[in-house]
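Working notes for the structure below.
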Amino acid sequence: MAGTDWTCSHATMHAWEFLDYEPSLPVSEKSNPLTRDIDRASANNIVRMLQACDTQIFQEDSEDTYQRLSSERVVETIMEVAKRVELILKTGFNKALRELNQTSIYSYIIAGGDRALLSSQEAPEDDPKQGMLTLKKVCEGKKRVLFIGISCGLSAPFVAGQLDFCMQHPEVYTPVLVGFNPTHQARDDPMPGCTFTFRSVVQRMQELSKSQKAFLINPAVGPEAISGSSRMKGGSSTKILLELVLSAAHAATFTNMPVTYKGILQHMEAYKQTLDITYAQTAEIAALLEAAGQSLRCGRRVCYLGWGSVAILGLIDASECNPTFGADFEDVRGFISGGYREMNNNEGPLSSLGSDFRVAHKDFLHLVLPSLNDQDTVLLLYTHSDNIREVAKLAHRAREKTSNIHAVYHQVDGAAAEQQDDIDRLCSSSLKITWASSPASGSLLHMWELSTKLLLNAVSTGAHILKGKIYQNDMIDVQVTNSKLYRRATRLLQKLSGYPESKCEEALLKSLYQVDTLTIDITSSDITAHTRTARNRTKVVPLALVCLLTGCTVMEAESHLEQQPIVREAVETCLSKLV
């Protein structure tokens, strides 16, 4: 991409806001004008494009079409939700119970259970009844519950079922919805076994929000750098919003600092500074991205070896590569020093489910280390407060097999970590992020975590771009394993081919079932049946796109992609032969 100007004027950055820009798509599904040719960019320019996109999270409020993170209504809603959390903390978390550590105020629910933390579990997202039953079980016996449902695109049936249940029981539940589309873009498709849609749930919540019996926090943070990849800006913004709410509530409860508008904005500014501090290391991030991309291109792997909460971010980033990029589970893996004990997840150790769920460092030493070589990338993730001796020890073990080791660590200004020089000598590169010992606002740990998330998103996304998993700035190799992804795949084929929806869905089904003529059995089956079949298929969307653009058979498309796995180049090669 040498010689190409990736930067954009202020007006261009707002192009996605105009009503005629991809009008059929919600904000979270639109393509970002900043990254249109990211599939042909250098590693350094990929990082700069991702930085420009992440900066849109903190875009200042204006008279534009959509409300922002710092919009008055959003900030005021954050304050009100924080005050509700404060009320629950003050009534349910008294001093005696805190000292005895005998109460659990917070619980999490994830579609697919804890295995979804480590492995793609897309299908449960489609089950509103399961969402409701899971919430009911977790909250059994509770007299007051604040439920925060997270669906970046305002689309997940699992969450819709939970929000509907909350509104049926207002004497106990106060529902909060976090997402990043305007309410009129909420999904309006029927859900199995339901008389409501996600949009109708949102409309009911809007009505209840007038009396503060429900809350909506849905700023528009702009399209993702890679279209539809809500693990990036959507995930980062979710983390920021939850921490804004909970940090303000805890400060009000335990240090008598009231929840204020100014305080919320100061916390937001701390997160913006975190983004700036992280991306100040553009060259170093680009080098990591290049190393990881080279490993994936060679059919080798990328391993994150982490400590503490930054290790959990490594586990999550690795787990998201499979559904996002159609990656093999072994391509990117994460490991945490204390295994499940350190994760402290609801269901405890999941190691019995197989090697895919073995996540401790000892599992890395046993399962992965013996087969490592210089084509694999190993990334150490830690902070100066972790056990640096342990980091150095593991780095020595990895160095016996590969020289392709890199360190990413967070350090407070003025703190010198013992044995860090030893680790630096063992590593091909070391990316040190230095922080003020007393941040003006916010938690230092929260800053470290967000910084790590941004960095790992850039590395894993960039590596898959370099491998050829992206077409322009769309995830072309997405796994079609639930109804949301099925519809996303159909819309993507429409966008890239210019053909009507019916023809694109037909091509998708032919690719999915690996046939050139659809049978009545296939066309009469519902989306659930199609997504079940998709679990055992790879390159479904790339195959469908090649067929649409070239008119070739599924078998011919498979042959083209085997010869040229980078989809954009495969399509262009096929088209050039037809001219």
For D126 and S483, test the side chains for any donor-to-acceptor distance below 3.5 angstrom and give the result as yes or no.
yes

Just checking, any donor-acceptor pair under 3.5 angstrom between side chains of N218 and Q67?
yes

Starting at CD1 of I88, measure out to OG1 of T253 and round the result to the nearest 0.5 Å.
10.0 Å

Enter the distance from R84:CZ to T174:OG1 here, rounded to the nearest 0.5 Å.
5.0 Å

Taking the side chain as everything from C-beta on, heavy atoms only, tell me whether L244 gets closer than 4.5 Å to H267.
yes

Heavy-atom side-chain contact between F215 and L177 under 4.5 Å
no

Please determine whether a side-chain nitrogen of the Lys or Arg among D188 and R199 lies less than 4.0 Å from a carboxylate oxygen of the Asp or Glu.
yes

How about R231 and S460: does a side-chain donor come under 3.5 Å of a side-chain acceptor?
yes

Separation between OG1 of T260 and CD of Q266, rounded to the nearest 0.5 Å
7.0 Å

Assess whether a salt bridge exists between E243 and K239, defined as any Lys/Arg side-chain N lying under 4.0 Å from an Asp/Glu carboxylate O.
yes

Ring centroid separation for F165 and H169, is it under 6.0 angstrom?
yes

Spell out, as yes or no, whether a donor-acceptor pair under 3.5 Å connects the side chain of Q59 to the backbone of V221.
no

What I want to find out is whether R68 reaches E60 closely enough, with some N-O distance under 4.0 Å, to be called a salt bridge.
no

Is the shortest side-chain N to carboxylate O distance from D189 to R487 below 4.0 Å?
yes

Would you call the rings of H250 and Y106 parallel, tilted or perpendicular if under 30° counts as parallel and over 60° as perpendicular?
parallel

Check: Y271 and M447 side chains under 4.5 Å, non-hydrogen atoms:
yes

If you draw a 6.0 Å radius around NZ in K83, do more than 12 non-hydrogen atoms from other residues or ligands fall strictly inside?
yes

Around atom CD of E140, are there more than 12 heavy atoms of other residues, nucleotides or ligands at under 6.0 Å?
no

Would a line drawn from the ring center of F147 to the ring center of Y173 be shorter than 6.0 Å?
no

Can you confirm whether P128 sits close enough to C194 that some side-chain heavy atom of one is under 4.5 Å from a side-chain heavy atom of the other?
yes

Side chains of L265 and V75: does their closest heavy-atom pair fall under 4.5 Å?
yes

Go through the steps to decide whether Y279 and D54 satisfy the test side-chain hydrogen bond (donor to acceptor under 3.5 Å, both in side chains), and finish with yes or no.
CA-CA 10 Å; Y279 279 113; D54 281 335; 2.6 Å; yes

Could you check whether the rings of H410 and W448 sit parallel, tilted or perpendicular, using 30° and 60° as the cut-offs?
parallel

Please determine, by modelled atom types, if N457 and E320 share a side-chain donor-acceptor pair under 3.5 angstrom.
no

Looking at side-chain heavy atoms only, is the closest gap between T383 and Q411 below 4.5 Å?
no

Have E224 and S229 got a donor and an acceptor in their side chains that come within less than 3.5 Å?
no

Quick check: do T274 and W435 have side-chain heavy atoms less than 4.5 Å from each other?
yes

For the CD atom of E330 and the SG atom of C303, what is their distance to the nearest 0.5 Å?
8.0 Å

